[in-house]
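Written below as C-alpha cells is the structure these notes are about.
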Amino acid sequence: MSELPEEWGDGTRSVRAGEEAPVPGAPLRPSPVFAAPFHLGDRPPRADGADAYARTEHPTLRAFEAAVGELDGGRCLSFATGMAAITAALMACASAGDRVVLPADGYYTTRLLGRDELDRLGLRVEYVPTPAIEGLAARGELRGARLVMLETPSNPQLDVCDVAAVAEATRDAGALLAVDNTTATPLGQRPLALGADLTIGADTKALTGHSDLLLGHVSTTDDAVYARLKSWRDHTGATPGPFEAWLGHRSMATLDLRLTRQAENARAVAELLAAHPRVTGVRWPWRPEDPSFPLASRQMARPVGVVSAVLPDEAAVARLVAASRLWAAATSFGGLHSTLDRRAQWGGDDVPPGFVRFSCGIEDTTDVVTDLATALDAALGGP
Ligand SMILES: *Cc1c(COP(=O)(O)O)cnc(C)c1O
C-alpha cells in the first residue's frame with residue numbers, strides 16, 4: 001500500500017486511503033476475505049508474509065488499518081470496539097504501580113475501566129478534568145506519570161485541550177500521551193502531528209458514521225509502542241473480523257462529505273439553540289462566544305457535528321423528543337441521523353438533568369433546523 005500524495009485533499013484521501021494500486025479486471029475495492037486459518041501449504045507459517053491465522057492478521061484488516069493510519073499519520077491497529085482500543089492503549093503501556101492520568105469528564109466507560117479494572121490491577125489512576133490537565137502540564141505536575149490520556153474535544157461537554165502543550169509536558173516527564181480523538185476524527189485533528197504518542201478512535205462513531213458498526217483503533221509513530229499494542233491485541237484477541245473491517249473501510253470513503261454536512265448542520269443548530277431564551281450553556285467550539293473557540297480554531301482542522309446545550313429540566317427534553325420528527329433519542333453520535341441524548345439518564349456524566357448532546361446528521365440543514373425549532377417551541381414555549 002502506497003502513501004498518498006501530500007497535496008491531496010480530505011475528500012480524495014478519504015476515498016483512496018488504504019487502496020492498492022489498481023489492477024485491470026479487479027474490483028475498485030477488494031471484497032472481504034473470510035478466513036480464520038489460511039492454507040499453509042508446504043511452507044512454514046508466515047513465509048514471505050503469508051497470512052496464517054486471522055486473530056493476528058488478515059488482508060481485509062490490513063487494508064482498513066492502512067487507511068486509518070494514513071489519515072492519522074501513523075501505524076494503526078484496529079480493535080473490535082473503541083473500549084478495546086482504549087484498554088489496549090492503557091494496558092499495553094502501563095503496569096502495576098504506574099501513575100496514569102485519565103480525564104474526569106471524558107467518556108464514562110473509560111472511567112469505569114479505571115475504577116473497576118485498572119485500580120484492581122494496581123495501576124495508580126488519577127481522574128483530572130480536561131481543563132485542569134493543561135494546568136498540571138503547565139506546572140510540571142505530570143512528572144512521575146507513565147501515561148496521560150486526553151479526550152479533546154471532550155465528550156459530552158466539548159472542552160478542547162491543548163494537545164501540543166500537554167505533549168511537551170509529558171515528553172519532559174518521560175510519560176506517554178494518548179489522545180481519544182473520537183469526536184474530531186483524523187480529518188478534524190491529528191494528535192500525532194501535535195506531539196501525542198498514541199491517537200485513539202472509537203470508530204463506532206463518526207469515522208465509520210452509519211451507526212451500524214462497533215470498531216476502534218490506536219495509531220502511533222513509535223515502533224516500540226506499536227509492538228506492545230500488537231502483542232496485547234494478539235494475546236487478548238480483540239481483533240475485528242473481516243466483515244467489520246471491510247464495512248469500516250467502505251464507510252470511511254465518505255468521511256469528508258459526512259463531516260462537512262454535519263458541521264454545517266451543527267453551526268445552524270448551535271445558533272438556533274443559543275438564540276432560544278430558555279436554552280442555556282450552548283457549547284460548540286466554533287462559535288466565537290465559546291470558551292474553546294481560540295484553541296479549537298488553532299488546533300483543529302475542521303468543526304465537529306456535535307453540539308451540547310442545557311434545557312430547563314428532564315421533562316422539557318422528553319417534550320422535545322416527542323415533538324420532533326427528525327431528532328431521534330439515541331446515545332452514540334457521529335452518524336447519518338440527527339440524534340439527541342439526555343446524558344444525565346446514564347448516570348455517568350456530571351451534568352444537569354436537562355443537558356442534551358445533539359449529534360447532527362447529514363440531513364438537509366433547513367430540515368433539521370426547522371424540525372428542531374418547531375420541537376423547541378412545542379417543548380419550551382415560543383421565544
Ligand atoms: C463511544 C466512545 C468510546 C467507546 O467506543 P465503543 O466502540 O462504544 O467501545 C470511547 N471514547 C469516546 C470518546 C466515545 O465516544
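Excluded from the calculations below are hydrogen atoms, water molecules and symmetry mates; all remaining heavy atoms, backbone and side chain alike, are included. Order of listing sets the numbers, starting from 1, for every ligand and every atom in it. As the structure is a prediction and not an experimental result, all values here were calculated from the model.
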For residues 329-337, tabulate all N or O donor-acceptor pairs below 3.5 Å that involve a side-chain atom, not counting sequence neighbours.
from	atom 1	to	atom 2	distance (Å)
Thr331	OG1	Asp341	OD2	2.8
Thr331	OG1	Arg343	NH1	3.2

* How far apart are the C-alpha atoms of Thr87 and Glu117, what are their side-chain angles, what is the distance that settles it, and do they pass the side-chain contact (heavy atoms from CB on, under 4.5 Å) test? -> CA-CA 10 Å; Thr87 303; Glu117 315 299 342; over 6 Å; no
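Without hydrogens or angle criteria, Gln299 side chain to Cys161 main chain gives a donor-acceptor distance under 3.5 Å. Side chain of Tyr226 to backbone of Gly74: no donor-acceptor contact under 3.5 angstrom is found.
Within the structure, ring pair (Phe, Tyr, Trp, His ring centres under 6.0 Å) contacts touching residues 342-376 (residues at least two apart or in different chains) are Trp327-Phe358.
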Between ligand 1 and the protein, find all N/O pairs closer than 3.5 Å and give the distance for each.
from	atom 1	to	atom 2	distance (Å)
ligand 1	7 (O)	Gly82	N	2.8
ligand 1	7 (O)	Thr204	OG1	2.6
ligand 1	9 (O)	Gly82	N	3.2
ligand 1	9 (O)	Met83	N	2.8
ligand 1	11 (N)	Asp180	OD2	2.7
ligand 1	15 (O)	Asn155	ND2	3.1
ligand 1	15 (O)	Lys205	NZ	2.6

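With sequence neighbours excluded, the residues that form a side chain to side chain donor-acceptor pair (under 3.5 Å) with Ser292 are Arg283.
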